[in-house]
Amino acid sequence: MKQDTKIVSAGRDPEANLGVVNPPVYHTSTILQPSLGEMRRKGEARARGETVTMYGRIGHPTSLALEEAMAEIEGGHRCFAFPSGLAAIAAALTAYVGTGDHVLVTDSAYRPTRSYCDGLLKRMGVETTYYDPLIGGGIAGLIRENTKIVYVEAPGSQTFDMQDIPAIAEAAHAAGAVVMMDNTWATPLYFRPFEKGVDVSVHAGTKYVVGHSDAMLGLVTTTEAAWDPLRATAQMLGQCVGPDDVYLGLRGLRTLSVRLERHMKNGIEIARWLEQRPEVDRVLHPALPSHPGHDIWKRDFLGASGLFSIVLKEGYDDDDLARMIDGYELFGLGASWGGYESLVISQKPEQYRTAVPWNGPGLLVRYHVGLEDPEDLKEDLAKGFERLGS
Ligand SMILES: *Cc1c(COP(=O)(O)O)cnc(C)c1O
């Protein structure tokens, strides 16, 4: 089956649900068992790693439908759903390490991922080294005997550095480390992690999977070899998602392909337009030929989402930036992205990057281009540049 067909049919069985197209939303804690024998049989099946419905936290039919769909669409073994993207990242990072171990994390990683490494992982006695996102096969030089995870994220969701994931994966696997990727930007549709050497693919489902800015969700899909530690850790941590949020994830998933196509088209159009503006030093969008990671993007990715950054020319300060951003009518100022609407945010990578100091040199502004008409978006942006310079 082709990807677009899978998106529509995976995790769905109308015949099992009176012909209803979508899986029902099962609100549940207790799931009654017909007999003691059956209950014990399910317990044993669960201990073997099989999927069973025994109790709301252990898996309810609605979460199982989403997990099945995501695993199939991403081409992995199985998937586990979490109550947020960060919960998914935290559990995944914890699943493969113990005291005395070492992890390698790209300097471009989502900032709360760093906070987890510098916080809880450190307290567990796990050391983190941040590495240059552009290191490629050179990662081999940083891998130690106790390195258990090499964490990649491409492009980084602030600075949009592209990573040579196949080269990194080859070096990591040679040393027996697990390759974990935050694949939120590309989604399973525009980057196929398991074909590029990734073992554990993590998503903030909150973004494009949910797609409508109305629920939090995390998803982790793994290879067969990486599955048991992930599942066991997630269940020890008591991770589970309520059926309403899972349902919103399932519903968003069905239209992911058409939404992304438009986010990509609008995003590239706006990025190209921004590239022509005299106020802009450069546009950090991997689908633009001017981007230093463009060749890797073309080689490894199947598309681009609607999220990218610009670096303003030097000389503008935070007051100028506030005039520009505060006056936008269509670009909302807010965390997150992946919904149908356009967003803007400004961050200072120089405050957290450690492996490779970030030198803008101008201010960094991140845009999420939504499904609005790009002409209206350009007008909003153009007025913003007038305010910036005024
Ligand atoms: C938002 C985000 C996350 C975290 O997801 P939440 O659902 O907000 O916890 C992780 N990675 C990236 C790249 C993100 O943008």
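Below, each value reflects all heavy atoms present in this structure, side chains not excepted, and no hydrogens, waters or symmetry copies. Atoms within each ligand, like the ligands themselves, are counted from 1 in listed order.
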Between Arg41 and Glu44, is there a side-chain N and carboxylate O pair less than 4.0 Å apart? no
Salt bridge check: are Asp164 and Arg299 linked by an N-O gap of less than 4.0 Å? yes
Does the ring center of Trp185 lie less than 6.0 Å from the ring center of Tyr190? no
Do the two ring centres, one from His285 and one from Phe160, sit under 6.0 Å apart? no
Considering only N or O atoms, set out every pair between ligand 1 and the protein closer than 3.5 Å, with distances to one decimal place.
| from | atom 1 | to | atom 2 | distance (Å) |
| --- | --- | --- | --- | --- |
| ligand 1 | 7 (O) | Gly85 | N | 2.8 |
| ligand 1 | 7 (O) | Thr206 | OG1 | 2.5 |
| ligand 1 | 9 (O) | Gly85 | N | 3.1 |
| ligand 1 | 9 (O) | Leu86 | N | 2.8 |
| ligand 1 | 11 (N) | Asp182 | OD2 | 2.6 |
| ligand 1 | 15 (O) | Lys207 | NZ | 2.6 |
| ligand 1 | 15 (O) | Trp337 | NE1 | 2.9 |

Qualifying residue for ring-ring contact (aromatic ring centres under 6.0 Å, His included) with His368, from Phe308, Tyr208, Tyr340: Tyr208
With a 3.5 Å distance limit and no angle check, can you tell me whether Gln3 reaches the backbone of Ile73 through a side-chain donor-acceptor pair? yes
